[in-house]
Structures are given as structure tokens and as C-alpha cells.
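Just so you know, these numbers come straight off a predicted model, no measurement behind them.
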Amino acid sequence: MRALPLLVLLALTTPARAGICWSGMERGGRCSSVAALRVGRAECCARGPAAWSPRDLDSGEIFFFKALSGGYPCTACAAESCAGVSCGAGRRCAVRGGRARCVCAASCRRAGAVCGTDGKTYRSLCRLRRRACRRPAKHLAMDYPGQCKVGNCEGVRCGDKKKCVLDAELGAHCVRCGECNVAGAPVCAVDGRTYAGACALRKAACDRGRALPLAYRGSCIANATCSSIHCSPGQRCVEGGASGARCVTCGPCGAGAKRALCGSDRRTYPSWCRLQRATCAAGRVVDPLHPGPCKGDRNITDNSVTRVRKGERGMN
């Protein structure tokens, strides 16, 4: 006689006792991996972390639910609780599928606007925390209370011994200046001055309240030109400004936040990245003058910036 399937054999030789014990609950409150057949809930749950369902199923039904329905509805032996679970700002504890999980807060109360470290204004701190919860890789936090400021630091309240500093796109941020205890390799900034390392450069920018980009590595050279400085791979040398020449990155512009800027060439650019690309294309320095469009001058659209010619990227 042909051998019976294992599950059918178990059904014939094991006295009916109760339901099915599963090895554990999966997503959506369903189970698919059988631990034991015809066992009561108490016996099943005594085995350790498991799940149970009261209805007996034959092998065909088990296969159907496993292969075609993502498992059979089951109940975890011991549903966890949120007692003692700390989820942090912007998250709350919820029991789902028999397990305590930290999920993003579902609702927000309307409150005062806050500026995020991404330079965007949120209607409340709660809304900012919800966004930070959904995108943890972005490391989003509150920068300061109130609307995000652009072009100046008026009205920005920075706590915790921080100071307001304008970034390269003229957006206001609260940063901690800190101290530099050890001098690093000299670097030349776009203001034409030599600083004792990257830390000293950052502190100088913090003290003056505005970004101070790096022009090139090494001490500043009097009357520097592109033939006298060296740029890293992926950068291009352009001439102009207080440093005489500087290295700029000519990569593509992503889909991040865009803020229109008026350039020193009296043209309006849709973003700081587009302004940098114009600098690369022209081979001459273009610095941001102020946020917003230039008055009485034509705009530079995404398609109007000349592409850097093939082979120019990385030239010195």
C-alpha cells in the first residue's frame, strides 16, 4: 500500500485534542509554519514563543493557506504589552501582530511653526517629528522655533550655546562653534585667507555668521590661477574671487530643496547647485548675492546652464 502523507498519518493516529500549534506569528496576524497538530492552547504555548489556532486543518488546507493566502489566521500565545517600552520623540508604542512595536505618532496637535535642520518650515514640532520618524536616515531635528529664515539671522533664537550661521544657500541654521585644540593641514578659503585646518575654517565661518567655503587645500597663493593650484578628482578649477582661483564640484543636481538665488553675475538661479554648475560652465566664479530673484535680470533655468564639456571635469 502506498505510504500516506505525513500530515494525514498524524491525523489518523493522533487522537483529536484541539487545534494547531504554529512556530510563530508572521506579518498580518497569520501563520504558515506548523509546529504540532491537534494540541490545545495551553500545551502549545508551554513550548515557548508560538501561536495557536483552534481549528484543525488537513494537509490540503494547510498548503492552500500557506501557498495562496499568506498563512492561516492565528493568535500569538502571549501578546506583548507596551508597558515599559520607550519609543522616543515622534513615535508611540502599539501592539501589532502580538508584538509591541514603535510606530510613528498618528496625530498632531496644531502648534507654533518650527524650522527643521533640512531648512524647511513645519507647522508644528509634532509634524516635524512625524517626518523624522518616517525618514530616520535623514537625521531630521528641530533647528530653531519659528519660520525658517533666509538671507539673515534676524529673529532666530538659538539655544544651548549655539549661534546662527548662514549656509552656502543663505539659509539660517543654529550651530555650535566649538574650539580647535590642534592645528591641521593649512587650507585656503574663498576669502583669500589661510586657516590652520578644516576645524579652524569652520570656526571662522561660525564666528562671522556665514559659510566660508574651501577654495583649495594648502596655504593661499598670491595671485593664484588654475595653473598654480590642484583640485581633487571630480572638481574643476575656476578663476575669480578673493582667493584668485577655487575648486568647485560640477556634479548633477539632485531633487532636494531648491531656493532661488541671485548670483554675482546678476542672473537668477533656481538653486545653489545650478549656480555652481554655471560657475563650472563659465570657468569663472559666481557667488550668491542674496536669496530670491535678481531684479531686472533674466533667469537661468535648468536647461539654460551650459553642460561642462566632456573631459573638463577634474581639470586643474
Check: Once you round to the nearest 0.5 Å, how far does NE2 of His139 lie from CG of Asp118?
Finding: 13.0 Å
Check: Stepwise, does the side-chain contact (heavy atoms from CB on, under 4.5 Å) test hold for Leu289 with Arg266?
Finding: CA-CA 8 Å; Leu289 285 182; Arg266 300 295 176 179; 3.6 Å; yes
Checklist line | Interatomic distance, Glu43 atom CD to Cys21 atom SG [nearest 0.5 angstrom] | finding: 8.0 Å
Note to self: Once rounded to the nearest 0.5 Å, what's the spacing between atom CD1 of Ile62 and atom OG of Ser32?
What the structure shows: 10.5 Å
Notebook entry, point to check: Hey, are the side chains of Cys199 and Arg202 touching, using non-hydrogen atoms and a 4.5 Å cut-off?
Noted result: yes
Next item on the list: Check the pair Val150 / Cys148 against side-chain contact (heavy atoms from CB on, under 4.5 Å), numbers first and verdict last.
Entry: CA-CA 7 Å; Val150 181; Cys148 290; 5.6 Å; no
Next item on the list: Give a yes or no on whether Leu68 and Phe63 share a hydrophobic cluster (residues Ile, Leu, Val, Met, Phe, Trp, Tyr; joining criterion: side-chain heavy atoms under 4.5 Å apart).
Entry: no
Check: Looking only at atom types and distance, does a side-chain atom of Tyr72 sit under 3.5 Å from a main-chain N or O of Ser53, one as donor and one as acceptor?
Finding: no
Note to self: Would you say that Tyr144 contacts Val114 through its side chain, given a criterion of any heavy-atom pair below 4.5 Å between the two side chains?
What the structure shows: no
Check: Below 4.5 Å, heavy atoms only, C-beta onward: do Leu37 and Asp56 meet side chain to side chain?
Finding: no
Notebook entry, point to check: Would a hydrophobic clustering, with Ile, Leu, Val, Met, Phe, Trp and Tyr connected at side-chain separations under 4.5 Å, put Leu212 with Val187?
Noted result: yes
Item checked: Distance (rounded to the nearest 0.5 Å) between Trp272 CH2 and Asp167 CG -> 9.5 Å
Check: Should the heavy atoms of other residues, nucleotides or ligands under 6.0 Å from NZ of Lys162 be counted, would the total exceed 12?
Finding: yes
Item checked: Heavy-atom closest pair, residues Cys226 and Val238 -> SG-N, 3.7 Å
Checklist line | For the student: nearest non-hydrogen atoms of Ala200 and Tyr195, plus distance | finding: O-CD2, 4.1 Å
Margin query: Could you see if Trp52 belongs to whatever hydrophobic cluster contains Ile20? Use Ile, Leu, Val, Met, Phe, Trp, Tyr and a side-chain cutoff under 4.5 Å.
Written below: no
Notebook entry, point to check: Tell me, do Leu140 and Arg129 make a side-chain contact under 4.5 Å, heavy atoms counted?
Noted result: no
Next item on the list: Might you point out which heavy atoms bring Ala189 and Ser243 nearest each other, and give the distance in Å?
Entry: O-CB, 3.6 Å
Check: For the side chain of Arg246 and the backbone of Gly241, is there at least one donor-acceptor N/O pair under 3.5 Å apart?
Finding: no
Notebook entry, point to check: Where do Val285 and Ser264 land on the side-chain contact (heavy atoms from CB on, under 4.5 Å) test, with the steps shown first?
Noted result: CA-CA 9 Å; Val285 167; Ser264 55; 5.6 Å; no
Checklist line | Taking every non-hydrogen atom, the tightest pair across Cys206 and Val175 | finding: SG-CG2, 3.7 Å
Next item on the list: Report the C-alpha distance between Cys164 and Cys158 in whole Å, list the side-chain angles of each, state the deciding distance to 0.1 Å, and finish with yes or no for disulfide (SG to SG under 2.5 Å).
Entry: CA-CA 7 Å; Cys164 181; Cys158 295; 5.1 Å; no
Next item on the list: Is it possible for you to say whether Val190 and Tyr216 belong to one hydrophobic cluster, with membership spreading through side-chain heavy-atom contacts below 4.5 Å?
Entry: no
Check: Roughly how far apart are Arg277 CZ and Cys250 SG, rounded to 0.5 Å?
Finding: 8.0 Å
Check: When you look at CD of Gln147, are more than 12 heavy atoms from neighbouring residues, nucleotides or ligands closer to it than 6.0 Å?
Finding: no
Next item on the list: Please name the pair of heavy atoms, one in Gln276 and one in Thr249, separated by the smallest distance, quoted to 0.1 Å.
Entry: CB-O, 4.4 Å
Check: Atom NZ of Lys120 and atom CG of Leu128: how far apart are they, to the nearest 0.5 Å?
Finding: 11.0 Å
Checklist line | More than 12 heavy atoms from other groups under 6.0 Å of CZ on Arg208 | finding: yes
Margin query: Is there a disulfide between Cys102 and Cys93 in this structure (defined here as SG atoms under 2.5 Å apart)?
Written below: no
Note to self: Using every non-hydrogen atom in the two residues, find where Tyr122 and Arg131 come nearest and quote the distance to one decimal.
What the structure shows: OH-CG, 3.9 Å
Notebook entry, point to check: Hey, what do you get for Cys247 versus Cys237: SG atoms under 2.5 Å apart or not?
Noted result: no
Notebook entry, point to check: Taking C-beta and beyond as the side chain, do Lys149 and Cys115 meet within less than 4.5 Å on heavy atoms?
Noted result: no
Next item on the list: Go through the steps to decide whether Thr117 and His173 satisfy the test side-chain contact (heavy atoms from CB on, under 4.5 Å), and finish with yes or no.
Entry: CA-CA 7 Å; Thr117 50; His173 295 275; 5.6 Å; no
